[in-house]
Asks: 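Just dropping this structure here.
So that the names make sense, note that chain A is the first sequence line, chain B the second, and so on, each numbered from 1.
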Amino acid sequence: MNVTFNTRDPVYVQVVRYFKEQIAIGNLKAGEEIPSRRELAEMLKINPNSAQRAYKEMEEEGLIHTERNFPSRITMDENILSSVREELIAEAVDAFVQSIVAINPSIEEVVELVKKKYEARKQGETT
Amino acid sequence: MIEVQNISKRFGRKQVLKEVSFTANKGEITCLIGINGVGKTTTLKAIMNLTPINSGKIFIDQEVIQKDTYEKITFIPDANIMPTWMTIREACDFMKDYYKNWNQQRADDLMRFFKLNETDRITELSKGNTAKVNLMLGLSLDVDYVLMDEPFSGIDIFSREQIAEVVTSHLIEDRGVVITTHEINDIEHLIDKVVLLDNGVVLKEFTTEEVRLTEGKSVMDVMREVYQP
């Protein structure tokens with residue numbers, strides 16, 4: 001587990017995002033056990049209170065479950081898990097749209113370029 | 001909770017602390033930041049009653065500091081305090097004889113964590129290892145609050161990383177930690193709360209996650225605003 005944190009977003013927000021990314025790409029699976037708050041803090045070299053707050057946030061969003069005296073686990077609810085993936089994609093596209101709108105190109109031009117770049121990138125990954 | 005209320009301190013004609021107030025919670029890491037000579041160490045020593053204050057009050061868990069409250073708190077100075085001819089083991093034995101709240105199990109854990117060799121003599125240690133021995137000795141006391149004076153100053157980056165790591169690890173448990181430093185880079189992600197001091201005055205007190213959440217600012221950003229108006 002290796003995460004680089006920026007200094008301007010709350011650490012707990014960045015931890016939640018990291019977990020969502022891991023869920024979206026399938027590294028964390030439904031029902032999988034996750035580290036304790038203290039273990040997570042040690043692994044990521046963050047403040048245990050930030051780890052605690054991240055877990056609280058994820059519990060409220062239904063991403064993880066904790067039963068008394070047991071380790072926390074990723075939820076078994078497939079609806080929640082698939083919505084995490086959609087949420088991350090939508091967020092990334094929003095950020096992209098926001099920055100591209102400022103330049104004001106035509107949508108066709110943008111889509112064409114996105115396709116080209118995306119395929120080139122994918123190809124680069126496989127070779 | 002440690003509550004510092006309006007403490008002032010003069011050394012001769014020099015006013016080093018002026019009505020300084022802040023709180024430090026148990027289970028949290030509070031960082032006193034300021035360039036050298038702004039009263040950080042004096043503040044820690046005042047909490048320990050090593051430096052008597054001219055006015056103000058200090059409470060530890062709602063109690064005025066006195067003999068019993070000392071057993072709740074330890075001060076880790078930035079220099080070696082043990083006779084240098086001692087080995088690390090002998091320094092531990094000395095602490096064990098002197099303090100009834102010495103925890104040998106934790107001392108062993110910390111020595112392992114810091115990769116210290118207990119037969120080494122203090123005089124032969126590098127600066128980084130001297131700092132680690134200092135911390136190991138202080139953290140091995142069973143206390144609720146730990147005051148660390150400049151634990152990161154003048155030592156190499158890897159030792160700094162190790163020390164930062166121990167501060168958030170299970171070896172600290174739920175103790176309250178107060179750290180003084182003028183270097184924030186290594187520990188931005190580790191601290192709960194910041195108290196910015198300048199010229200013996202508290203300029204600002206804030207929690208790191210809140211300032212990131214509500215203002216989108218890093219600790220460094222806030223420091224720039226406060227120290228370079």
Side-chain angles (χ1 to χ4, degrees), chain A residues 1-22 33-61 63-64 66 68-72 87-88 91-92 94-99 102, chain B residues 1 24-31 33 109-110 112-113 152 157-179 183-194 206-225:
Chain A
M1 218 183 258
N2 203 353
V3 196
T4 317
F5 292 100
N6 73 58
T7 54
R8 293 200 171 99
D9 291 318
V11 175
Y12 82 90
V13 172
Q14 297 182 64
V15 171
V16 172
R17 184 171 177 92
Y18 172 78
F19 270 87
K20 285 184 175 173
E21 282 169 3
Q22 297 304 307
E33 199 177 293
I34 57 173
S36 74
R37 287 134 178 84
R38 184 60 86 174
E39 285 164 350
L40 185 78
E42 284 193 45
M43 276 194 272
L44 300 181
K45 301 185 176 64
I46 56 169
N47 186 299
N49 295 319
S50 296
Q52 166 68 27
R53 194 154 166 192
Y55 276 27
K56 187 167 168 266
E57 183 86 8
M58 291 195 285
E59 252 160 32
E60 279 167 11
E61 288 188 37
L63 288 176
I64 63 168
T66 313
R68 198 177 270 279
N69 298 327
F70 283 96
S72 298
E87 181 194 325
L88 289 187
E91 252 178 46
D94 277 345
F96 169 71
V97 167
Q98 200 184 354
S99 61
Chain B
M1 182 165 65
N25 291 321
K26 198 154 177 280
E28 287 190 1
I29 301 161
T30 303
C31 202
I33 300 177
D109 287 349
L110 281 158
R112 222 170 301 126
F113 183 89
F152 301 103
I157 171 99
F158 301 113
S159 296
R160 288 209 301 273
E161 276 181 6
Q162 259 192 323
I163 290 169
E165 226 172 285
V166 88
V167 169
T168 57
S169 76
H170 63 282
L171 294 163
I172 287 282
E173 287 140 8
D174 286 323
R175 297 190 264 185
V177 179
V178 181
I179 296 177
E183 274 265 9
I184 191 71
N185 288 335
D186 299 332
I187 55 169
E188 272 220 51
H189 292 130
L190 306 181
I191 54 185
D192 292 278
K193 191 173 187 181
V194 175
F206 60 94
T207 54
T208 53
E209 290 284 65
E210 282 319 306
V211 99
R212 292 183 198 119
L213 186 66
T214 58
E215 300 179 44
K217 286 176 189 161
S218 67
V219 176
M220 204 58 186
D221 292 337
V222 180
M223 284 173 68
R224 276 202 194 93
E225 283 174 9

Asks: Below 4.5 Å from any heavy atom of chain A, which atoms of B:Asp174 appear? Answer side chain, backbone, both or neither.
Replies: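 It is both, since atoms from each part get that close.
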Asks: Out of B:Met220, B:Glu161, B:Glu165, B:His170, return the one with the most heavy atom pairs under 4.5 angstrom to chain A.
Replies: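 Heavy-atom pairs under 4.5 Å are most numerous for B:His170.
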Asks: Measure the CG-CD distance between A:Asn6 and B:Glu188 for me, rounded to the nearest 0.5 Å.
Replies: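 Going from CG on A:Asn6 over to CD on B:Glu188, the span is 10.0 Å.
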Asks: Between A:Asn49 and B:Gly27 (side chain of the first, backbone of the second, donor and acceptor by atom type, cut-off under 3.5 Å), is there such a pair?
Replies: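 Yes.
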Asks: Might you work through the side chain to side chain contact (heavy atoms under 4.5 Å, CB included) test for A:Lys45 and B:Thr168, ending with a clear yes or no?
Replies: CA-CA 7 Å; A:Lys45 301 185 176 64; B:Thr168 57; 5.6 Å; no
Asks: Counting only non-hydrogen atoms closer than 4.5 Å, does B:Ile187 touch chain A with its backbone (N, CA, C, O), its side chain (CB onward), both, or neither?
Replies: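 No part of it gets close to chain A.
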Asks: Specify the closest pair of heavy atoms between A:Val11 and B:His189, including all atoms of both residues, with the distance to one decimal.
Replies: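 So the two residues come closest at CG2-CD2, 3.6 Å.
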Asks: What heavy-atom pair brings A:Asn47 and B:Asp192 nearest, and what distance separates the two atoms?
Replies: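 A:Asn47 and B:Asp192 have their closest heavy atoms at ND2-OD2, 2.7 Å.
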Asks: Grab the two heavy atoms, one from A:Arg38 and one from B:Ser169, that are nearest each other, plus how far apart they are.
Replies: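 Between these two residues, the closest heavy atoms are NH1-O, 3.2 Å.
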Asks: Once rounded to the nearest 0.5 Å, what's the spacing between atom CZ of A:Arg8 and atom CZ of B:Arg212?
Replies: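 Taking CZ in A:Arg8 and CZ in B:Arg212, the distance rounds to 11.5 Å.
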